[in-house]
Amino acid sequence: TNSGSANWRGDLLMYSMDAYGSVNGSYLWSAAARIAAQTAVNRNIFTYNRATRQGAPFASNAGTWLTDNFSSDGYGGTADAYAAERINYLRGDRTKEATNATPQMRPRTAAGNDPTTGSPLGDIINSTPVFIPNNGPKPAECDYNATLKAAIQARSPMVAVGANDGMLHVFKATDDSTGGTEVFAY
């Protein structure tokens, strides 16, 4: 993992290794770059709806149960009309990072504070990435049907890591062109 406290950015990098555990050259993919390339509306981000006791999309159109929690500035201020903008910002929308935006959100910049770079991925500090194999061991007490077993075995390996953006991110852990793509966040 990689982080920068100057602008609270984070990254997860994948390197190839030889049979002896030595790193071969430069990294294969950057999770921060992959998230930055995704559009905010296409990210699979989920949260928990206390009323229904179920998982739910973390999106500005999810309903008042979510937008009501984002309708003030978080400092005890009165409710305003910016809940959707706050949710979309957390999803990765960068349109409110401009100096003339209303409301103006903190710019997510990379090295050199270049406003055209950066990623919605928060800094990764004190969170160890966990590798999730594509077809890990089958628990003895489970009896998967053939369809579910085939789906599990066809699944890409993944890696999960928590970030200080308040989310647990799960990325494809492959060394192909889809590696580093965010599968979902919670």
Side-chain angles (χ1 to χ4, degrees), residues 1-16 26-49 54-63 66-67 69-70 82-99 101-125 127-134 151-152 154-186:
T1 63
N2 186 1
S3 66
S5 61
N7 43 27
W8 304 111
R9 62 183 164 81
D11 204 354
L12 179 67
L13 305 171
M14 180 180 184
Y15 292 88
S16 67
S26 62
Y27 61 88
L28 300 174
W29 51 255
S30 158
R34 296 290 167 102
I35 287 180
Q38 286 181 269
T39 60
V41 296
N42 290 332
R43 291 181 66 197
N44 294 314
I45 304 177
F46 301 95
T47 188
Y48 179 73
N49 183 333
Q54 295 180 343
F58 182 79
S60 58
N61 63 356
L66 182 60
T67 56
N69 290 305
F70 285 89
Y82 300 127
E85 286 84 353
R86 290 184 184 101
I87 293 168
N88 291 336
Y89 173 80
L90 293 173
R91 291 186 56 82
D93 181 0
R94 302 191 67 187
T95 59
K96 298 299 180 182
E97 294 178 30
T99 56
T102 303
Q104 182 183 1
M105 306 292 186
R106 179 184 62 83
R108 293 173 279 214
T109 58
N113 291 325
D114 180 355
T116 63
T117 63
S119 172
L121 182 60
D123 55 323
I124 300 170
I125 299 175
S127 178
T128 303
V130 175
F131 180 70
I132 305 165
N134 61 335
I152 291 170
R155 179 180 68 197
S156 294
M158 296 177 271
V159 61
V161 67
N164 283 345
D165 54 16
M167 295 184 207
L168 171 71
H169 299 271
V170 179
F171 303 98
K172 283 189 178 181
T174 57
D175 60 359
D176 60 16
S177 63
T178 65
T181 302
E182 184 182 55
V183 178
F184 73 92
Y186 179 83

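Computed from a predicted model, the values in this text were never measured in an experiment.
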query = So, does N42 use its side chain to make a donor-acceptor pair with the main chain of Q38 at under 3.5 Å?
reply = no
Spatial distance of atom CG (L28) from atom OG (S177) [nearest 0.5 Å] = 12.0 Å
ask   = Has the side chain of N44 got a donor or acceptor atom that lies under 3.5 Å from a matching backbone atom of V183?
value = yes
task = Say whether, by atom type as modelled, one donor and one acceptor occur between the side chain of Y89 and the main chain of R106 under 3.5 angstrom.
result = yes
ask   = Just by distance, do the side chain of S60 and the backbone of A84 share a donor-acceptor pair under 3.5 Å?
value = no
request  = Sort and list the pairs that fulfil salt bridge (Lys or Arg N to Asp or Glu O under 4.0 Å) and have at least one residue in residues 165-186, not counting sequence neighbours.
outcome  = R43-E182
request  = Kindly indicate whether the side chain of E97, heavy atoms from C-beta on, has any atom under 4.5 Å from the side chain of Q104.
outcome  = no
request  = Using a 4.5 Å cut-off on heavy atoms from C-beta on, say whether the side chain of I87 contacts that of T67.
outcome  = yes
message = If I compare all heavy atoms of G180 with all of F171, which pair ends up nearest, and what's the gap?
response = O-CD2, 3.3 Å
query = Just how far is it from atom OG of S127 to atom CG of L168, taken to the nearest 0.5 Å?
reply = 7.5 Å
query = Any donor-acceptor pair under 3.5 Å linking the side chain of T181 with the backbone of T178?
reply = yes
inquiry  = Minimum heavy-atom separation for T95 and A101, please, with both atom names.
reply    = O-CB, 4.0 Å
task = Kindly give the heavy-atom pair with the smallest separation between P120 and G92, and that separation in Å.
result = CG-CA, 3.5 Å
message = How long is the straight-line distance from CG of N164 back to CE of M167, given to the nearest 0.5 Å?
response = 12.0 Å
ask   = How many angstroms lie between atom OG1 of T174 and atom CE of M14, to the nearest 0.5 angstrom?
value = 7.0 Å
key: Heavy-atom check, side chain of Y186 versus side chain of F46, under 4.5 Å   = yes
ask   = Are any of the side-chain heavy atoms of R91 and I45 separated by less than 4.5 Å?
value = yes
task = List in chain and number order the residues that pass side chain to side chain donor-acceptor pair (under 3.5 Å) with S30, two or more places apart in sequence or in another chain; answer none if no residue qualifies.
result = D11
query = Are any non-hydrogen side-chain atoms of F70 and L90 less than 4.5 angstrom apart?
reply = yes
inquiry  = For M158 and V170: C-alpha separation, side-chain torsions, deciding distance, then whether side-chain contact (heavy atoms from CB on, under 4.5 Å) applies.
reply    = CA-CA 7 Å; M158 296 177 271; V170 179; 3.6 Å; yes
message = Nearest 0.5 Å, please: how far is CD1 in I35 from NE2 in H169?
response = 5.5 Å
ask   = How far apart are the closest heavy atoms of G122 and A163, and which atoms are they?
value = O-CB, 3.7 Å
ask   = Judged by atom type as modelled, is there a donor-acceptor pair below 3.5 Å linking the side chain of R155 to the main-chain atoms of P133?
value = yes
request  = Might you point out which heavy atoms bring G162 and I124 nearest each other, and give the distance in Å?
outcome  = O-CG2, 3.6 Å
ask   = Considering only heavy atoms from C-beta outward, does the side chain of W29 approach that of R34 to under 4.5 Å?
value = yes
task = Please tell me if the side chains of R86 and K96 come closer than 4.5 Å, counting only heavy atoms from C-beta onward.
result = no
task = Indicate the atoms forming the closest heavy-atom contact of L66 with P57, along with that distance.
result = CD2-O, 4.2 Å
remark   = Residues at least two apart in sequence or cross-chain that pass side chain to side chain donor-acceptor pair (under 3.5 Å) with S156, listed by chain then number, are none
Value rounded to 0.5 Å, distance of CG in N88 from CZ in F58 = 9.0 Å
